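These figures come from a predicted structure and were not determined experimentally.
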Amino acid sequence: MAPVAIHPVIDNSTASVQAKGPALVIGSLSTAQDGKYQRLVSELEATRPVERQILDRLLDQATVLSAESYASVHITLSPADHQTLQPRLSQLLSQLLEGLSPLGTLHVLHLTSSDSTNFSSNLTLSGFHILTVNTAEGTIIAQKPALHAGASLPLKAKTAAPPASVPLPRRSIAAKKAIWNLTPPLGDAIDPESLLTDADRARPAACEPVKAGGIRRRKACKGCTCGLAEEEEAELRSGLANVVLLDGSEGGGANEVALSEKERLSKAAKAAPKATSSCGNCFLGDAFRCASCPYMGLPAFKPGEKVEIDLGMDDI
């Protein structure tokens with residue numbers, strides 16, 4: 001008799017469904033009365049163990065959730081319950097965040113459009129990561145991060161290979177001395193003559209030679225090379241230099257006299273009685289003289305001294 005292959009027949013109706021992590025269902029008296037709470041529990045019990053809680057017991061802390069015990073949390077409330085929950089929503093979310101295991105999900109059902117916006121912001125502030133927001137169905141699915149706030153994670157120390165030693169370049173003795181040499185290195189020599197222009201090489205014009213008997217514009221400067229200093233010295237020796245003597249009396253004039261006559265008059269002025277003034281300020285200068293002072297416009301002088309002006313001065 002030939003062998004016959006026998007294939008096992010599997011009945012899908014009696015096949016077991018893979019169980020999921022434990023779930024927590026939170027409802028209220030309103031959703032328990034209208035049957036939404038019971039239907040949600042029945043749907044979840046088919047695939048996972050379910051724990052039931054009433055919202056008021058959690059808010060009043062009559063029940064304390066175990067830390068990281070639930071793979072998912074499902075909340076089914078009426079619109080009136082959501083309005084009542086608003087002041088204490090952050091308190092509830094902090095409890096749920098602690099009760100969820102890492103990467104556990106939070107499912108909020110039966111939300112209105114206004115409640116959905118407020119719930120989303122509170123979830124983010126509480127530390128949840130929002131996965132989906134379905135405004136048409138009024139549902140929000142959020143997830144707990146793998147690491148909650150304040151969690152510590154040990155860092156693995158990286159064992160890096162020691163850096164390879166790099167040999168330093170060897171310098172010669174001359175190079176080392178050059179580092180401490182304060183004298184700058186000499187460059188290419190520059191011919192100083194190449195720096196001069198034609199204007200630099202031109203001979204400067206000498207002083208204007210003095211003309212005998214001409215108008216003298218200035219006195220001889222120090223180190224005079226034009227001959228003016230020698231002419232002045234010759235005039236002093238020969239007595240040809242003239243000076244102007246101003247008579248200090250009212251209506252007095254100016255007389256040009258020879259240098260020898262000037263010396264004689266000076267000796268006579270010193271021997272004469274001291275001149276007096278009605279105000280006593282004539283010798284101080286124009287700032288101290290009267291409006292009708294005969295010395296107005298003349299330089300300051302010593303009391304009793306004749307005012308003398310050299311004819312060869314630049315300002316005459």
Side-chain angles (χ1 to χ4, degrees), residues 12 15-28 30-32 36-79 81-158:
N12 293 333
S16 62
V17 181
Q18 184 180 2
K20 298 182 180 179
L24 172 65
V25 178
I26 301 175
S28 65
S30 301
T31 54
K36 293 180 181 178
Y37 180 65
Q38 289 81 358
R39 285 195 299 270
L40 178 60
V41 172
S42 301
E43 292 175 1
L44 296 175
E45 283 182 340
T47 57
R48 70 201 78 184
V50 177
E51 181 178 339
R52 309 175 187 182
Q53 291 292 343
I54 298 298
L55 177 64
D56 295 340
R57 293 182 58 83
L58 293 176
L59 296 179
D60 296 339
Q61 295 184 352
T63 301
V64 178
L65 301 179
S66 300
E68 299 183 356
S69 301
Y70 307 101
S72 62
V73 176
H74 304 260
I75 301 176
T76 173
L77 300 175
S78 65
D81 294 331
H82 283 293
Q83 294 296 329
T84 308
L85 179 62
Q86 292 301 326
R88 307 176 66 180
L89 180 57
S90 59
Q91 174 188 346
L92 175 64
L93 293 179
S94 62
Q95 295 178 14
L96 299 181
L97 184 66
E98 185 177 356
L100 278 171
S101 59
L103 299 180
T105 56
L106 172 63
H107 303 257
V108 186
L109 310 176
H110 311 300
L111 286 169
T112 61
S113 58
S114 59
D115 294 337
S116 177
T117 304
N118 186 38
F119 220 104
S120 299
S121 59
N122 281 275
L123 285 171
T124 303
L125 295 176
S126 298
F128 284 93
H129 175 61
I130 299 177
L131 299 180
T132 59
V133 178
N134 193 332
T135 308
E137 297 182 1
T139 59
I140 295 178
I141 301 176
Q143 187 179 42
K144 178 181 177 179
L147 295 176
H148 57 82
S152 60
L153 180 64
L155 298 178
K156 295 182 180 179
K158 294 183 178 180

Under 4.5 Å between any side-chain heavy atoms of Leu92 and Leu55, yes or no?
-> yes
So, Thr105 and His107: side-chain donor and acceptor under 3.5 Å apart, yes or no?
-> yes
Hey, does Glu51 have a side-chain heavy atom less than 4.5 Å from the side chain of Ser69?
-> no
Do Leu106 and Leu123 come close enough that some side-chain heavy atom pair is under 4.5 Å?
-> yes
Heavy-atom side-chain proximity of His74 to Leu44 below 4.5 angstrom | yes
Is any side-chain heavy atom of Phe119 closer than 4.5 Å to a side-chain heavy atom of Leu93?
-> yes
Residue pair Ile140 / Ser120, side-chain heavy-atom distance below 4.5 Å = yes
Close side-chain approach of His110 to Leu77, heavy-atom, < 4.5 Å = no
Without swapping roles, check the side chain of Lys144 against the backbone of Leu97 for a donor-acceptor pair under 3.5 Å.
-> yes
Results of side-chain contact (heavy atoms from CB on, under 4.5 Å) for Ser30 - residues two or more places apart only | Ser28, Ser78, Asp81
Please name all residues satisfying salt bridge (charged side-chain N to carboxylate O under 4.0 Å, His left out) with Glu45, sequence neighbours left out, ordered by chain then number.
-> Arg52
How far apart are the closest heavy atoms of Gly21 and Ala71, and which atoms are they?
-> CA-CB, 3.7 Å
Please test His82 against Leu89 for side-chain contact (heavy atoms from CB on, under 4.5 Å), starting from the C-alpha separation and ending with a verdict.
-> CA-CA 9 Å; His82 283 293; Leu89 180 57; over 6 Å; no
Out of Thr132, Leu103, Leu100, which residue meets the side chain to side chain contact (heavy atoms under 4.5 Å, CB included) rule with Gln143?
-> Leu103
Heavy atoms only: give me the nearest Asp60-Arg88 pair and the separation to one decimal.
-> OD1-NH1, 3.9 Å
Closest approach of Leu111 and Ser116, non-hydrogen atoms and distance?
-> CD1-CA, 4.3 Å
Which atom pair, heavy atoms only, marks the closest approach of Phe128 to Ala142?
-> CB-CB, 4.0 Å
For the residue pair Gln53 and Val73, establish whether any side-chain heavy-atom pair is separated by less than 4.5 Å.
-> no
Donor-acceptor contact below 3.5 Å, side chain Gln95 vs main chain Val64 | no
CA sep, side-chain torsions, deciding dist, call: Leu96, Ile26, side-chain contact (heavy atoms from CB on, under 4.5 Å) = CA-CA 10 Å; Leu96 299 181; Ile26 301 175; 3.6 Å; yes
Verify, without hydrogens or angle tests, whether Thr139 (side chain) and Val108 (backbone) share a donor-acceptor contact under 3.5 angstrom.
-> no
Keeping the roles fixed (side chain from Gln91, backbone from Leu59), state whether a donor-acceptor pair exists under 3.5 Å.
-> yes
